[in-house]
> 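This is the structure I want to talk about, given as structure tokens.
All ligand and atom numbering here is 1-based and tracks the order in the structure.
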Amino acid sequence: MEEQRPSWTSRCSFILAAVGSAVGLGNIWRFPYIMGQNGGAVFLAVYLLLIMTICFIPLFAELAVGKITKKECIGAYESVNPKLKFFGVLNPITGILISSFYFIVGGWIINYIFLGFINPKISDYSEYFSIFTNEAFSNCVYALIFLFICILFSARGIKRGIEFANNFLMPLFAVILIGLIIFSVNLPNAYLGIEYMFKPDFSKLNSHLFLSALGQALFTLSIGMGAILTYGSYIKEDKGIAKSAYTIIISDTLFALMAGVMIFPAIYSFGLEPNSGAGLVFVTLPYIFSQMPHGDIVSIAFFVLLLAAAITSGISIIEVPIAALVERAKFSRTKACVVLYFIISAIAIPAALSFGILNDFRICQKTIFDFLDFITSNCLMPLNALFLCLIAGWCIKISGKQFINNNIVAALFDIGLRYIVPIILIFLLYVGLK
Ligand code: PHE
């Protein structure tokens, strides 16, 4: 039976869902750790430059293609030209690969919520983090629980599940973050963290840093795997795409900056290493909480809200393959959710085990987890964004004038979409992967 396409109740609910998709683990977990591995302030400078200039264009284009074609990714590209179908298929594949590591990190949050309740006396959080991620069973089970929660929300349909989390929980999350920032910047030696974040050393600039910054910018804005395109295809009304794109970029950047200002001062204050990788936030935050009055309660509140942010993003990641299964394979939404649960689990379990028993299994010298993160953010997402710009600019011939009132901005958009952004993406992919 053919299911009716879902749609947003209002423009506001669409914007909230798109912001909910953007703001998630990418801001709080991935941004500080990638920045820590890439020299701090110099990475931030490149990242902000990319976010404020070129990322607007693919974000806008995804929204527009979704809105114009009213189809999920594969159908959207196919409706332009059947030969383009392959480029559409890459999007849900990227989504499945992203899910396979994103849901593991979501599982860590659930673990930390329990930790807040049990409140054991832990003196070394780095050791705690490596012990629990090494433990095959719990690392897998928590990831599968997180995946189950997102799938459950998705199975209930896009509106009911996401709107509550976005309307009420995100503003509350911002309030907690501000409280933690105030605490963090008042710790001893906090100024070293602020310097690390805002005093760039441009001698550290290199091509890999540019590619990492681009990967992070695309990842955090949810561009380059069809999530925004799919959400855009559920919009009913005709106006406001440019405003939506700005809102997504600004809110997402604010959350990332807040996460940085919360984490880096604390890292320096507690004598931790900023370049310690994926566990960075999960090691630093418990130290902050352990030093705070009522830290156990703040910790539970923080991780519950982070979980809500991660769920709204997780839902948007799986929405891409779900929409493809529902609209292309004519699955019911429930059946699509069940099938996807098994597919993602099959990839997520080896990735979860790569912290422990599969740690020696390397692909391009990376563990399965790191490889999935790298291949999606630094390769597939830029590639998908490139194909999107080319298809939107040259095949669908989207013009800025359709959506933007200002003629100069509209003309700049057209040039950016057809020439500048594709050239930059090709260049960054080329030099970064060389
Ligand atoms: N932007 C999300 C985050 O920052 C992750 C995401 C990536 C969501 C790609 C959808 C698509 O956590």
> At a 4.0 Å threshold, what atoms of ligand 1 neighbour a non-hydrogen atom of Leu25?
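Atoms satisfying the 4.0 Å criterion: 12 (O).
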> Just need the protein heavy atom nearest to atom 4 (O) of ligand 1, so name the residue and atom and give the distance.
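Checked against all protein heavy atoms, atom 4 (O) of ligand 1 sits closest to Ala22 O, 2.8 Å.
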> Under 4.0 Å, heavy-atom basis, I'd like to know which part of Ser21 is in contact with ligand 1: side chain, backbone, both or neither.
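Within the 4.0 Å criterion, Ser21 contacts ligand 1 through backbone and side-chain atoms alike.
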> Any side-chain donor paired with an acceptor under 3.5 Å for Asn359 and Thr367?
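Judged by distance alone, the side chains do not pair up.
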> Salt-bridge test for Asp373 and Arg30: reply yes if a basic N is under 4.0 Å from a carboxylate O, no otherwise.
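Yes.
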> Using a 4.0 Å cut-off to any heavy atom of Thr220, which atoms of ligand 1 qualify?
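The atoms of ligand 1 under 4.0 Å from a heavy atom of Thr220 are 1 (N), 4 (O).
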> Looking just at side-chain N and O atoms, do Ser21 and Ser222 make a donor-acceptor pair shorter than 3.5 Å?
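Indeed, the side chains of Ser21 and Ser222 share at least one donor-acceptor pair under 3.5 Å.
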> Tyr128 and Asn111: side-chain donor and acceptor closer than 3.5 Å?
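Tyr128 vs Asn111: donor-acceptor pair found between side chains.
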> I need the atoms of ligand 1 closer than 4.0 Å to a non-hydrogen atom of Gly26, numbered in the order shown.
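Atoms satisfying the 4.0 Å criterion: 3 (C), 4 (O), 12 (O).
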> Go through ligand 1 atom by atom and flag the ones less than 4.0 Å from a non-hydrogen atom of Ser316.
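Near Ser316, the atoms of ligand 1 are 8 (C), 10 (C).
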> Pick out which of Lys67, Glu319, Glu72 makes a side-chain hydrogen bond (donor to acceptor under 3.5 Å, both in side chains) with Tyr234.
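In the set Lys67, Glu319, Glu72, the residue that makes a side-chain hydrogen bond (donor to acceptor under 3.5 Å, both in side chains) with Tyr234 is Glu319.
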> Tell me if the centroids of the rings in Trp108 and Phe146 come within less than 6.0 Å of each other.
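Here the rings of Phe146 and Trp108 have centres that are no less than 6.0 Å from each other.
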> Quick one: does ligand 1 sit under 4.0 Å from the side chain of Ser222, the backbone, both or neither, non-hydrogen atoms only?
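Both backbone and side chain.
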> Tell me whether ligand 1 is touched by Tyr102 - counting only heavy atoms on the residue side and a distance under 4.0 Å.
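Tyr102 counts as a contact of ligand 1 under the 4.0 Å cut-off.
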> Quick one: nearest non-hydrogen protein atom to atom 7 (C) of ligand 1, plus distance?
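Looking only at protein heavy atoms, the one closest to atom 7 (C) of ligand 1 is Phe219 O, 3.4 Å.
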> Among all protein heavy atoms in this structure, tell me which lies nearest to atom 11 (C) of ligand 1, with the distance rounded to 0.1 Å.
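The closest one turns out to be Met225 SD, 3.3 Å.
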> Report yes or no: does a heavy atom of Met381 sit under 4.0 Å from some atom of ligand 1?
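A heavy atom of Met381 does come that close to ligand 1.
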> How about Phe302 and Tyr112: are their ring centres within less than 6.0 Å of each other?
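Distance test on ring centres: not under 6.0 Å, no.
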> Where on Arg30 is there a heavy atom closer than 4.0 Å to ligand 1, on the side chain, on the backbone, on both, or on neither?
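Neither; nothing of Arg30 gets under 4.0 Å from ligand 1.
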> Can you tell me if Phe361 has over 12 outside heavy atoms packed within less than 6.0 Å of its CZ?
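Atom CZ in Phe361 is not crowded, with 12 or fewer foreign heavy atoms closer than 6.0 Å.
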> Within the 4.0 Å heavy-atom shell around Asn27, which atoms of ligand 1 are there?
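Here the atoms of ligand 1 in question are 4 (O).
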